[in-house]
Amino acid sequence: MTQPSPSDDEVDHAERVEHRWATISVAILVLLVAMATFAALHLAAMPQARVETVDPRTLHLGGEFIESNLGSALEPDGSVTVRGIGQQYSFTPSCMVLPTNTLITLRATSADVVHGFLIDGTNINLMLVPGYVSSLNARFDTPGERLMPCHEFCGMGHEGMWGRIKVIDKAAFARLAADRRRLSCVE
C-alpha cells in the first residue's frame with residue numbers, strides 16, 4: 001500500500017512552519033547572546049578593575065600583612081578593616097572578632113597556594129591567590145560564631161584548615177578596640 005504524496009498546499013504549510021521555528025530558534029540564540037553581552041559589559045561581570053598585588057615570599061617581613069597588622073582594626077571613620085593570611089593549613093588569625101552593624105572590609109591573601117575563604121551562613125566567599133590581595137565589604141547584623149573553612153583544595157591537610165569568625169555587639173567591640181590596636185579572639 002502506497003501513501004498518497006502531499007499536496008502543494010501541505011508542502012507550503014510544512015515549509016512555513018519549519019521557517020517559523022527556525023526564526024524563533026535564531027531569535028532565542030540572539031537574545032541569549034545579547035543577555036550575556038549585557039551582563040558582561042554593563043553589570044561588570046569582568047575581572048576587577050583594580051588589582052592589588054603583594055609578594056607572597058615577603059608577607060611576614062613588611063607591608064600590610066605583617067603579623068602585627070593582622071586581625072580586626074577600628075578605623076577613624078568607624079568602619080573595621082580585617083586583614084588575614086591563608087597558608088597551608090591555617091588562617092592567620094585563626095579567629096577574627098567583628099562588630100555587628102558596622103561596615104567591615106575583609107582583606108586577605110595567600111602565602112603559598114590557592115585557598116578559599118568562606119564564612120558559613122553568609123554570602124562571603126573569597127579566593128585567596130598568592131601574589132594578589134582579595135578584598136570584600138560586608139556587614140553582620142547578628143552576633144554569634146561562624147565557621148570559616150577553606151573551600152579550595154590546598155594539599156593533604158586541607159580538611160583541617162578551619163577558622164572562626166566571632167561577631168560581637170558593636171559597643172563591646174569598641175571597648176576592646178580602645179585597649180588594643182588589633183583584635184582577634186586568639187590571644
Side-chain angles (χ1 to χ4, degrees), residues 3-56 59 64-65 77 79-91 96 98-142 144-165 167:
Q3 293 190 357
S5 61
S7 69
D8 289 341
D9 288 339
E10 290 173 330
V11 170
D12 287 342
H13 177 71
E15 285 179 1
R16 283 194 308 272
V17 169
E18 284 183 24
H19 186 268
R20 200 174 300 138
W21 278 111
T23 303
I24 290 171
S25 298
V26 169
I28 289 172
L29 286 174
V30 168
L31 177 67
L32 291 174
V33 168
M35 287 171 44
T37 304
F38 176 78
L41 298 176
H42 180 69
L43 300 177
M46 297 190 299
Q48 298 178 30
R50 187 174 143 241
V51 176
E52 295 179 71
T53 60
V54 64
D55 186 352
L59 286 175
E64 178 180 4
F65 293 98
D77 66 356
S79 67
V80 172
T81 301
V82 182
R83 289 180 178 83
I85 297 175
Q87 64 234 343
Q88 291 179 319
Y89 299 100
S90 66
F91 290 107
M96 300 176 190
L98 305 173
T100 57
N101 302 315
T102 304
L103 177 64
I104 296 166
T105 302
L106 297 165
R107 294 181 53 79
T109 190
S110 172
D112 45 28
V113 298
V114 175
H115 297 284
F117 183 96
L118 172 80
I119 299 178
D120 195 34
T122 70
N123 63 350
I124 297 171
N125 183 351
L126 290 173
M127 184 175 271
L128 307 182
V129 179
Y132 296 93
V133 177
S134 296
S135 183
L136 179 76
N137 291 330
R139 185 178 300 270
F140 294 89
D141 297 327
T142 57
E145 288 201 22
R146 292 169 177 84
L147 294 176
M148 186 177 68
C150 176
H151 63 81
E152 290 287 334
F153 182 75
C154 54
M156 294 304 289
H158 164 73
E159 71 279 352
M161 188 171 174
W162 289 81
R164 289 183 303 129
I165 299 289
V167 181

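Fair warning: this is a prediction, and the values are worked out from it, not measured in the lab.
Among pairs with a residue in residues 12-37, none fulfils ring pair (Phe, Tyr, Trp, His ring centres under 6.0 Å), at least two apart in sequence or across chains.
Every residue two or more places apart in sequence or in another chain that forms a side chain to side chain contact (heavy atoms under 4.5 Å, CB included) with T102 is listed here: V80, P99, K170. Residues satisfying the side-chain hydrogen bond (donor to acceptor under 3.5 Å, both in side chains) test with D77, not counting sequence neighbours, are S79. Partners of E15 according to the side chain to side chain contact (heavy atoms under 4.5 Å, CB included) rule, which considers only residues two or more places apart in sequence or in another chain, are V11, D12. The side-chain hydrogen bond (donor to acceptor under 3.5 Å, both in side chains) test applied to S7 returns no partner, not counting sequence neighbours. Contacts of T81 classified as side-chain hydrogen bond (donor to acceptor under 3.5 Å, both in side chains), with partners at least two apart in sequence or in another chain: E75. For I28, the side chain to side chain contact (heavy atoms under 4.5 Å, CB included) partners at least two apart in sequence or on another chain are I24, L32. Annotation: salt bridge (charged side-chain N to carboxylate O under 4.0 Å, His left out) contacts of D55 (sequence neighbours excluded): R57.
Closest approach of M156 to Y89, counting heavy atoms only: N-OH, 3.3 Å. Across all their heavy atoms, G163 and F91 have their closest contact at N-CD1, 3.9 Å.
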Under 3.5 Å, which donor-acceptor pairs link side chains of residues 103-130 to any protein atom two or more places apart or in another chain?
unit_1: T105; atom_1: OG1; unit_2: N137; atom_2: OD1; d: 2.9
unit_1: R107; atom_1: NE; unit_2: E64; atom_2: OE2; d: 2.5
unit_1: R107; atom_1: NH1; unit_2: E52; atom_2: OE2; d: 3.0
unit_1: R107; atom_1: NH2; unit_2: E52; atom_2: OE1; d: 2.7
unit_1: R107; atom_1: NH2; unit_2: E64; atom_2: OE1; d: 2.9
unit_1: R107; atom_1: NH2; unit_2: E64; atom_2: OE2; d: 3.3
unit_1: T109; atom_1: OG1; unit_2: Y132; atom_2: O; d: 2.7
unit_1: S110; atom_1: OG; unit_2: D112; atom_2: N; d: 3.2
unit_1: S110; atom_1: OG; unit_2: V113; atom_2: N; d: 3.4
unit_1: S110; atom_1: OG; unit_2: V113; atom_2: O; d: 2.4
unit_1: D112; atom_1: OD1; unit_2: H115; atom_2: NE2; d: 2.8
unit_1: D112; atom_1: OD2; unit_2: Q88; atom_2: N; d: 2.7
unit_1: T122; atom_1: OG1; unit_2: I119; atom_2: O; d: 2.7
unit_1: T122; atom_1: OG1; unit_2: I124; atom_2: N; d: 3.1
unit_1: N125; atom_1: OD1; unit_2: H151; atom_2: NE2; d: 2.7

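To the nearest 0.5 Å, atoms CZ (R83) and OG (S135) are separated by 9.5 Å. To the nearest 0.5 Å, the span separating CE on M96 from CZ on R146 amounts to 14.0 Å.
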Could you walk me through whether D141 and T100 satisfy the side chain to side chain contact (heavy atoms under 4.5 Å, CB included) test, starting with their C-alpha distance in whole Å, then the side-chain angles of each, then the deciding distance to 0.1 Å, before giving a yes or no?
CA-CA 5 Å; D141 297 327; T100 57; over 6 Å; no

